[in-house]
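Residue numbers start from 1 in every chain, and the chains themselves are labelled A, B, ... in the order their sequence lines are given, proteins ahead of strands. Small disclaimer: the values here were computed from a predicted structure and weren't measured.
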2 protein chains.
Amino acid sequence: MSRSIAVIREEFIEQVGLIAQAELLPRIAGRLMGLLIFDGKEYSFSELAEALQVSRGSISSSVSLLTAMGVIERTAKPGDRQDYFKLSEDPYNTFFQRALRRAEKAHKTIQETRNAVPKDKREIRGRLKEYENFYTALMKALDSTS
Amino acid sequence: MSRSIAVIREEFIEQVGLIAQAELLPRIAGRLMGLLIFDGKEYSFSELAEALQVSRGSISSSVSLLTAMGVIERTAKPGDRQDYFKLSEDPYNTFFQRALRRAEKAHKTIQETRNAVPKDKREIRGRLKEYENFYTALMKALDSTS
DNA sequence: TATATTGTTCAGTAATAACTGAACAATATG
DNA sequence: CATATTGTTCAGTTATTACTGAACAATATA
């Protein structure tokens with residue numbers, strides 16, 4: 001007996017919530033994303049709260065986060081005062097960029113430390129350089145795809 | 001007036017703690033790593049607790065985490081009962097692998113969902129495929145470097 | 001053998017982030 | 001105008017995770 005499509009959908013939404021957590025996003029934001037991916041339609045603000053069974057406050061912060069990230073877009077329906085939301089054109093590219101920004105930040109910190117260490121401390125600078133190189137490589141890898 | 005090397009060191013250690021947090025690791029584990037990178041020498045178990053000003057319990061969990069990850073190695077000094085720790089040969093490669101494993105897990109989840117969705121639900125499967133493709137690309141990018 | 005040292009475990013606490021829901025401003029609708 | 005609806009904010013709560021420190025087993029040393 002195979003699972004019903006409704007169960008598959010529910011489980012997927014929860015799983016995307018967990019994936020989001022592993023990417024340092026709030027779980028509700030992930031579930032919202034999962035919902036929009038699976039259903040592929042626009043949801044109104046209140047429909048989101050209803051579908052995910054969370055407070056309007058949570059929807060508000062999740063949609064502004066995902067909108068800022070470029071994962072979803074706010075749309076409007078004629079004759080309906082509510083905001084509607086749908087997946088944006090390229091929802092996933094953001095995640096590359098997020099990872100890239102984290103890497104850049106770490107890289108910058110390490111580089112600044114290395115520059116601050118006197119030139120004659122060669123071993124320290126060498127170890128910092130190696131650490132830095134890791135992020136250089138990561139940035140390059142992420143850059144090539146996004 | 002430039003900062004003293006001691007201050008630069010302290011700040012670096014704290015910064016690596018923050019970088020670690022952004023990579024989903026406990027802050028103390030990051031500070032420990034920062035300490036070993038900067039100083040480039042072996043530290044004993046109790047020296048680590050002293051240097052980072054944390055409990056032995058924290059050192060214990062941090063060293064086992066970092067050891068399991070392959071970031072540090074446990075060593076021994078003749079005539080000293082204590083465990084010593086140093087950066088491993090290739091401490092940074094682990095981070096690629098970590099990211100890779102996260103991506104693989106997400107990829108697997110999405111793929112399983114897609115396979116569970118009936119073939120005639122073409123739009124749903126299509127959207128899942130796109131989501132899956134993101135992780136395929138990420139895996140490829142990470143794979144090329146590590 | 002007794003005492004000390006070492007590293008682990010785990011129960012309890014602290015710190016942090018997510019989430020709720022009520023208050024609110026803004027706007028619509030009767 | 002009054003009432004309802006919408007989305008945001010924020011204070012308070014809940015949930016989660018990190019961290020501490022005491023108890024402990026294992027081993028060393030006197």
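Distance CD (B:E50) to C1' (C:dT5): 16 Å, rounded to an integer number of Å. Following rounding to the nearest Å, B:Q21 (CD) and D:dT16 (C1') show an atom-to-atom distance of 14 Å. Distance CG (A:D80) to P (C:dT27): 17 Å, rounded to an integer number of Å. Put simply, OH on A:Y43 is 20 Å from C1' on D:dT6, counting in whole angstrom units. The separation between B:E47 atom CD and C:dG7 atom P is 11 Å, rounded to whole Å. The distance from atom CD of A:E23 to atom P of C:dA17 is 18 Å, rounded to the nearest whole Å. Here D:dA22 presents its P atom at 17 Å from CD1 of B:I59, a figure rounded to the nearest Å. Spacing between atom CG of A:L32 and atom C1' of C:dA18 amounts to 15 Å, rounded to whole angstrom units.
The side chain to side chain donor-acceptor pair (under 3.5 Å) test with B:T136 is passed by exactly one of B:H107, B:Q111, B:K129: B:H107.
Nearer to the 5' terminus of DNA chain C, by closest-nucleotide assignment, is the contact made by A:A29 (compared with the other of A:R56 and A:A29). Nearest-nucleotide positions on DNA chain D for A:R81 and A:R27 put A:R81 closer to the 5' end. Two residues, B:V54 and A:Q82, neighbour DNA chain D, and the one matched to the more 5' nucleotide by heavy-atom proximity is A:Q82.
Heavy atoms of other residues, nucleotides or ligands lying less than 6.0 angstrom from CD of A:E50 number 12 at most.
Closest to the A:F45 side chain, of the nucleotides D:dC19, D:dT8, C:dT20, is D:dT8.
B:F45 and B:F85 have tilted rings, their planes meeting at an angle from 30° to 60° on a 0 to 90° scale. Classified by interplanar angle (parallel below 30°, tilted 30° to 60°, perpendicular above 60°), the ring pair B:F38/B:F12 is tilted.
One finds no side-chain N or O of A:S58 lying less than 4.0 angstrom from the OP1 or OP2 phosphate oxygen of C:dC19. Residue A:S60 has a polar side-chain atom (N or O) positioned under 4.0 Å from OP1 or OP2 of D:dT8.
As judged by a 4.0 angstrom heavy-atom cut-off over every strand, B:I28 is placed among residues touching the sugar-phosphate backbone only.
With hydrogens and angles disregarded, no donor-acceptor distance shorter than 3.5 Å links the side chain of B:S60 to the backbone of B:R56.
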